[in-house]
Amino acid sequence: MDLGCYHIPLLTAVLAIALLTVFVYQMYYYARYMAGVNRYYRKKRKTPALDAASKTKDYPPASVIICARNEGENLKKFLPKVLEQTYGTYEVIVVNDASEDNTQDVLERFQLQYPHLRTTFIPHNARVRSRKKLALTLAVKSAKYEYLVLTDADCCPASQNWLSGIMSGFHNEETEIVLGYGAYYEHPALLNRLIAYDTLFNGLQYLGMAYARHPYMGVGRNLAYRKSTFVRNHGFEGLQNERAGDDDLFVNKVANRCNTTIAVMPESLTWSVPKSTFGEWIQQKRRHLSVAPKYKFSTRVQLLLEPLTRGLFYALFIALTVAGDMWIRLFAGGLLLIRWIVRMLILRISARNLQVRKVGVEASLFDIFLPLNSLWLMFYNRLHKPQRW
């Protein structure tokens, strides 16, 4: 290819065009989806009067659902935070999933203090593939109220307005699902930085896609939906054979562009204790990734394109850096720099808005490592299907 007196070999030109193409897609993806939470915050700041009014709004009664298996110590620490929300009428339902620790004793003591705490249980001999789905189904059926808010026993609400914050997502009759964000407490270890970055990236992805009217998943640490939605869609019917997916597969099944919103102000977050070893985190990732092949086909295509174009971008950058001349290297390096600046700005502003861990320079390594790790784990899951999680 000739550009005036500057000659570009055909292969180099093809590689350069391919690099520019995947760069454009990456920029579109970040601007369209990953920056969605930041657009949500900008809209909130433009309407402070409406936001202030929502905090004093008389929300409808709600049922908070928590499933607990051997979570006695976590319930001691975090359950009072759920039970002491500044909210009108609500109940808290804890399902004791055949715990062998002091969970039942803790619940009985709290019931004496909090009359809006209700409990039920799953017997030890229940033979089901997913006990979590059974526990949720029991809780939903016993819930008094139409609006259901889900969290975990090891989660701590960010504030006493957590429940109001999540319920503010039900701002019209069309809304059936509200997606929240579940953050992890900070520790100085590198593993914690990896978990924090992975959680932030995944959160911005599913929340941003929902804000762009393409919802595909939610997390059970902070999620709300209507009881009538659960019943009308026959609960976890069709998902019983999946050990995981009580949150993301259910949302993927019932969410659409009109019935799903997000609620991610800092006060409406939940905070959890992260995994402390790399092996525990890998096991958690395997469980989450095991349900990805069950997503709708359109969702799988969308989720595949981002890491695929990301990997192609790095591969093409390396190829052009090795094979190209000075001008080609400057071209490739310029695209790399622009992508890095855009990505870091979106991630850092998002972390600041959510008031979670700041994204550091190690994010560049995580940007390469995490998709490779996910690819390997998905391949490993196909070869070694776990008997239990």
Side-chain angles (χ1 to χ4, degrees), residues 33 36-66 82 85-92 136 140 143 145-152 155 157-183 202-230 232-233 247-248 250-271 350 353-356:
Y33 300 123
V37 167
N38 294 335
R39 289 197 297 276
Y40 169 88
Y41 273 85
R42 283 198 298 271
K43 183 178 179 181
K44 285 283 187 180
R45 293 189 186 104
K46 289 179 180 177
T47 55
L50 291 176
D51 190 43
S54 70
K55 294 179 181 179
T56 58
K57 181 180 176 181
D58 186 16
Y59 292 109
S63 298
V64 179
I65 296 175
I66 300 172
V82 179
Q85 291 290 298
T86 54
Y87 193 84
T89 302
Y90 76 105
E91 64 177 353
V92 178
L136 285 172
V140 170
Y145 306 123
E146 163 70 355
Y147 294 92
L148 311 175
V149 181
L150 280 61
T151 188
D152 287 339
C155 291
S159 74
Q160 287 187 310
N161 296 317
W162 162 71
L163 188 51
S164 299
I166 291 296
M167 288 297 295
S168 69
F170 292 103
H171 49 72
N172 58 48
E173 289 301 316
E174 218 174 23
T175 304
E176 298 183 88
I177 304 168
V178 178
L179 308 180
Y181 183 76
N202 291 335
L204 295 182
Q205 185 169 252
Y206 78 78
L207 291 168
M209 289 184 72
Y211 195 66
R213 313 198 87 180
H214 295 289
Y216 73 93
M217 67 160 281
V219 294
R221 299 192 302 275
N222 206 1
L223 171 66
Y225 47 78
R226 294 174 184 256
K227 181 174 181 177
S228 57
T229 303
F230 186 90
R232 187 177 68 253
N233 289 278
D247 43 16
D248 52 347
F250 178 75
V251 172
N252 192 253
K253 172 185 171 183
V254 304
N256 59 54
R257 60 183 291 110
C258 298
N259 73 351
T260 304
T261 61
I262 67 174
V264 289
M265 297 303 287
E267 61 193 17
S268 62
L269 271 58
T270 59
W271 289 85
S350 300
N353 284 333
L354 291 167
Q355 296 181 14
V356 298

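In this text, all values refer to a predicted model and were calculated from it rather than measured experimentally.
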Enquirer: Between Tyr59 and Ser168, which heavy-atom pair has the shortest distance, and what is it?
Expert: OH-CB, 3.3 Å
Enquirer: Strictly by modelled atom types, are Arg45 and Asn353 linked by a side-chain donor-acceptor pair under 3.5 Å?
Expert: yes
Enquirer: Taking ring pair (Phe, Tyr, Trp, His ring centres under 6.0 Å) as the definition, give me every residue that meets it alongside Phe230, ordered by chain and number, with sequence neighbours left out.
Expert: Phe236, Phe250
Enquirer: Under the side-chain hydrogen bond (donor to acceptor under 3.5 Å, both in side chains) rule, collect the residues that match up with Ser159, sequence neighbours excluded.
Expert: none
Enquirer: Apply side-chain contact (heavy atoms from CB on, under 4.5 Å) to Gln355 and list each qualifying residue two or more places apart in sequence or on a separate chain.
Expert: Pro266
Enquirer: Just verifying a value: how many Å separate Tyr181 OH and Leu207 CG, rounded to the nearest 0.5 Å?
Expert: 8.5 Å
Enquirer: Check each of Val219, Val264, Ile262 against Leu179 using the side chain to side chain contact (heavy atoms under 4.5 Å, CB included) test, and report the only one that passes.
Expert: Ile262
Enquirer: Residues in side-chain hydrogen bond (donor to acceptor under 3.5 Å, both in side chains) with Tyr216, at least two apart?
Expert: Gln205
Enquirer: I'd like to check the side-chain hydrogen bond (donor to acceptor under 3.5 Å, both in side chains) partners of Tyr40; sequence neighbours left out, ordered by chain and number.
Expert: none
Enquirer: When you measure from the side chain of Glu91 to the backbone of Ala143, do you find a donor-acceptor pair of N or O atoms at a distance under 3.5 Å?
Expert: no
Enquirer: Nearest 0.5 Å, please: how far is OG1 in Thr89 from CG in Asp58?
Expert: 8.0 Å
Enquirer: Restricting to side-chain contact (heavy atoms from CB on, under 4.5 Å), what partner residues turn up for Ser350, sequence neighbours left out?
Expert: Asn38, Leu204, Ile346
Enquirer: Restricting to non-hydrogen atoms, name the atom on Arg213 and the atom on Pro215 that form the minimum distance, rounded to 0.1 Å.
Expert: C-CD, 3.4 Å
Enquirer: Does any non-hydrogen side-chain atom of Leu150 lie less than 4.5 Å from one of Leu136?
Expert: yes
Enquirer: Quick one: list whatever passes salt bridge (Lys or Arg N to Asp or Glu O under 4.0 Å) with Arg232, sequence neighbours left out.
Expert: Glu176
Enquirer: Looking only at heavy atoms, what is the nearest atom pair of Glu173 and Arg226, with distance?
Expert: O-NH2, 3.6 Å
Enquirer: For Asp248, enumerate each residue passing the salt bridge (Lys or Arg N to Asp or Glu O under 4.0 Å) test, keeping only those at least two apart in sequence or located in another chain.
Expert: none
Enquirer: Do Val149 and Thr151 make a side-chain contact, defined as non-hydrogen atoms from C-beta onward lying under 4.5 Å apart?
Expert: no
Enquirer: Say you draw a straight line from CD1 of Ile177 to CG of Asn259; how long is it, rounded to the nearest 0.5 Å?
Expert: 4.5 Å
Enquirer: Under the side-chain hydrogen bond (donor to acceptor under 3.5 Å, both in side chains) test, which residues partner Asn233, sequence neighbours left out?
Expert: none
Enquirer: Ignoring hydrogens and geometry, is there a side-chain-to-backbone donor-acceptor pair from Asn222 to Gly180 under 3.5 Å?
Expert: no
Enquirer: Go through the structure and list residues passing side-chain contact (heavy atoms from CB on, under 4.5 Å) with Thr175, not counting sequence neighbours.
Expert: Phe170, His171, Asn172, Val178, Thr261
Enquirer: Measuring from atom OG1 of Thr270 to atom CD1 of Ile166, what distance do you get when rounded to the nearest 0.5 angstrom?
Expert: 8.0 Å
Enquirer: Can you measure from OG1 (Thr260) to CE (Met217) and round to the nearest 0.5 angstrom?
Expert: 12.5 Å
Enquirer: Hey, what do you get for OH (Tyr87) to CD (Gln160), rounding to the nearest 0.5 Å?
Expert: 15.0 Å
Enquirer: Sequence neighbours excluded, which residues qualify as side-chain contact (heavy atoms from CB on, under 4.5 Å) partners of Pro157?
Expert: Lys81, Val82, Gln85, Trp162
Enquirer: Hey, are the side chains of Trp271 and Val356 touching, using non-hydrogen atoms and a 4.5 Å cut-off?
Expert: yes
Enquirer: State, to 0.1 Å, how close Lys227 and Tyr145 come at their nearest heavy-atom pair, and which atoms those are.
Expert: CD-O, 3.9 Å
Enquirer: Looking at every non-hydrogen atom in both residues, tell me the closest pair between Ala62 and Met167 and how far apart they are.
Expert: CB-SD, 4.1 Å
